[in-house]
Number of protein chains: 2
Amino acid sequence: MRSAEFDKVAVLRAAMQAFLNKGYTKTSMQDLKQATGLHPGSIYCAFENKRGLLLAAISQYNQDRSDEFCAFFINSDSSKQGLETYLEHIVEECLSCDSSKACLLTKALNELAEQDDEVQTLISQQLEAWQSAITDKFARAQNEGDISDSRSAECRGRYFVMGIYGLRTFANTHPEPDTLKKLAKQLFKDVCA
Amino acid sequence: MRSAEFDKVAVLRAAMQAFLNKGYTKTSMQDLKQATGLHPGSIYCAFENKRGLLLAAISQYNQDRSDEFCAFFINSDSSKQGLETYLEHIVEECLSCDSSKACLLTKALNELAEQDDEVQTLISQQLEAWQSAITDKFARAQNEGDISDSRSAECRGRYFVMGIYGLRTFANTHPEPDTLKKLAKQLFKDVCA
DNA sequence: GCCCTATTTGAATGATCGTTCAAGAACTTT
DNA sequence: AAAGTTCTTGAACGATCATTCAAATAGGGC
């Protein structure tokens, strides 16, 4: 046996950047070759086809974002504080100039959901897990006494997720720091009320 | 002179449906021929190229949605009530099964913004006008005494728009009527507080 | 009713797309 | 060190894409 020469995670991260730049359809195999450094044949050998590379890149993206999310809550005894910092982090991300300010999950879902059930299902599950993780933090914050029980954690989690979706889209046309920060602040206030 | 034989508005509405179904890139000229009933040559004669047809379809879409928005406020002396009904209407739209539940403006912006400055500019202006119209209704509602002056109309307009963006995206993975209606209700409560 | 001009038609064009495959290169095992 | 197996390479393939254009068609002005 001879093992592949390339770093699979690095290739997937390069691919997700390429998909974020141009979208799935407009990203050609030539673009992917340039971004990943892999020749077409190697891509087909490792991921079956272009769509397989997208699916793998999406899963890697989800893994990375999930790890990133968890990092906001280790070494912290306040879940509410962690959620607030996480939201601020997302705002900073929206203000970034490169194309990684978008979320690959929602971007791919928007582009392919109506045409590809497998992509739709995969992304839906991942977004569901993300929402579930957020809901869990709200439940913890309620247990910690930082947020009241007047509304359920599920209710707050949904609203928070909706707000992040909205912030990301809003940032496309209004990338002004003050506006976004103010919106996020209001969102966090409302979701904790 | 000989005038064109087709109904331009009908063609543009058919084109926007096609673009909503598959997205701009994946909608082929064959799809557009089938959707509009126009042969390629006629499309190029009337709209210059595929991109020109998209730009025209976007403008028509914006016109239609703008008219629709205004209809919620004629024969009504309560701007606040109009906004609430409008939001309920958007929720109903999100629950629709066909692909017209998406917004062509945000869909096209997501797909093409990073690659086409003219599309980006056109859509940004139209979304700005929409936000401005909403802000104006909040200002009226404040004048009418239905909403307090504790926050500016601009602030409320931005938040409302952000919430609608969020609702639309959220509906992609959670098309459950009760959940969406509850989210919209909470949004309206928060934006009016 | 006839000519002129603009529109409609649909086949043809060149480019680019995702994908395949046979040959060459390199690592592992013996 | 040689053989065997797997990965890599990049040219070639058919399909499909947006676009063009010359011929056919049909309305408006006289």
Side-chain angles (χ1 to χ4, degrees), chain A residues 1-58 104 107-108 111-112 114-119 122, chain B residues 1-58 104 107-108 111-112 114-119 122:
Chain A
M1 275 294 285
R2 177 189 169 195
S3 59
E5 291 180 358
F6 59 88
D7 178 353
K8 195 161 188 172
V9 173
V11 163
L12 290 177
R13 294 209 174 113
M16 67 178 80
Q17 277 304 321
F19 287 134
L20 275 171
N21 275 329
K22 293 195 171 186
Y24 173 72
T25 306
K26 276 210 157 181
T27 302
S28 66
M29 289 304 292
Q30 275 202 24
D31 293 331
L32 291 170
K33 178 187 169 187
Q34 188 163 11
T36 63
L38 260 53
H39 289 76
S42 297
I43 293 179
Y44 278 79
C45 181
F47 305 103
E48 195 180 347
N49 52 26
K50 181 185 168 187
R51 181 169 167 277
L53 179 57
L54 174 75
L55 289 170
I58 284 173
L104 184 59
K107 186 162 177 120
E111 183 178 350
L112 300 170
E114 312 251 357
Q115 313 173 57
D116 190 323
D117 285 343
E118 192 179 348
V119 170
L122 176 66
Chain B
M1 276 294 285
R2 177 190 170 194
S3 59
E5 291 180 356
F6 60 88
D7 177 353
K8 195 162 189 172
V9 172
V11 162
L12 290 177
R13 294 208 174 115
M16 66 177 81
Q17 276 304 320
F19 287 133
L20 275 171
N21 275 329
K22 292 196 172 187
Y24 173 72
T25 306
K26 276 209 157 180
T27 302
S28 67
M29 289 303 294
Q30 275 201 26
D31 293 329
L32 291 170
K33 178 187 169 188
Q34 188 163 11
T36 63
L38 259 54
H39 291 251
S42 297
I43 292 178
Y44 279 79
C45 181
F47 304 103
E48 194 181 347
N49 52 25
K50 182 185 168 187
R51 181 169 165 277
L53 178 57
L54 174 73
L55 289 170
I58 284 173
L104 183 59
K107 185 161 178 119
E111 183 178 350
L112 300 169
E114 312 250 357
Q115 313 173 57
D116 191 323
D117 285 343
E118 193 180 347
V119 169
L122 175 66

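Note on naming: letters A, B, ... go to the chains in the order of the sequence lines (proteins, then strands), and numbering restarts at 1 for each one.
At whole-Å resolution of the value, CG in A:Asp31 and C1' in C:dG18 are 13 Å apart. When the P atom of D:dC21 is taken as reference, atom OH of B:Tyr44 falls 12 Å away, rounded to whole Å. Residue A:Glu48 contributes atom CD, which lies 13 Å from atom C1' of C:dG18 at whole-angstrom precision. In this entry the distance linking CD1 of B:Ile43 with P of D:dA18 reads 10 Å, nearest Å. Atom CG in B:Asn49 sits roughly 11 Å away from atom P in D:dA18 (whole-Å rounding). One interatomic measurement links the two molecules: CG of A:Leu32 to P of C:dT16, which rounds to 17 Å at whole-angstrom precision. B:Arg51 has its CZ atom 15 Å from the C1' atom of D:dT19, to the nearest Å. In this structure, CE of A:Met29 is placed 14 Å from C1' of C:dT16, rounded to the nearest angstrom.
The listed nucleotides are D:dT19, D:dT8, C:dT19; the one nearest the side chain of B:Pro40 is D:dT19. Distance from the side chain of A:Ser28 is smallest for C:dG18 among the nucleotides D:dA18, C:dG10, C:dG18.
Put simply, the side chain of B:Glu111 never gets that close to the backbone of A:Glu111: no donor and acceptor are under 3.5 Å apart. Between the side chain of B:Ser42 and the main chain of B:Leu38, no donor-acceptor pair closer than 3.5 Å is present. With hydrogens and angles disregarded, no donor-acceptor distance shorter than 3.5 Å links the side chain of A:Tyr24 to the backbone of A:Lys107.
Contact annotation: the side chain of B:Thr27 never approaches that of B:Asn21 to less than 4.5 Å [non-hydrogen atoms, C-beta and beyond].
Applying the 4.0 Å criterion to OP1 and OP2 of D:dG10, one finds that A:His39 has a side-chain N or O inside that range. The phosphate of C:dT8 has OP1 or OP2 within less than 4.0 Å of a side-chain N or O from B:Ser42.
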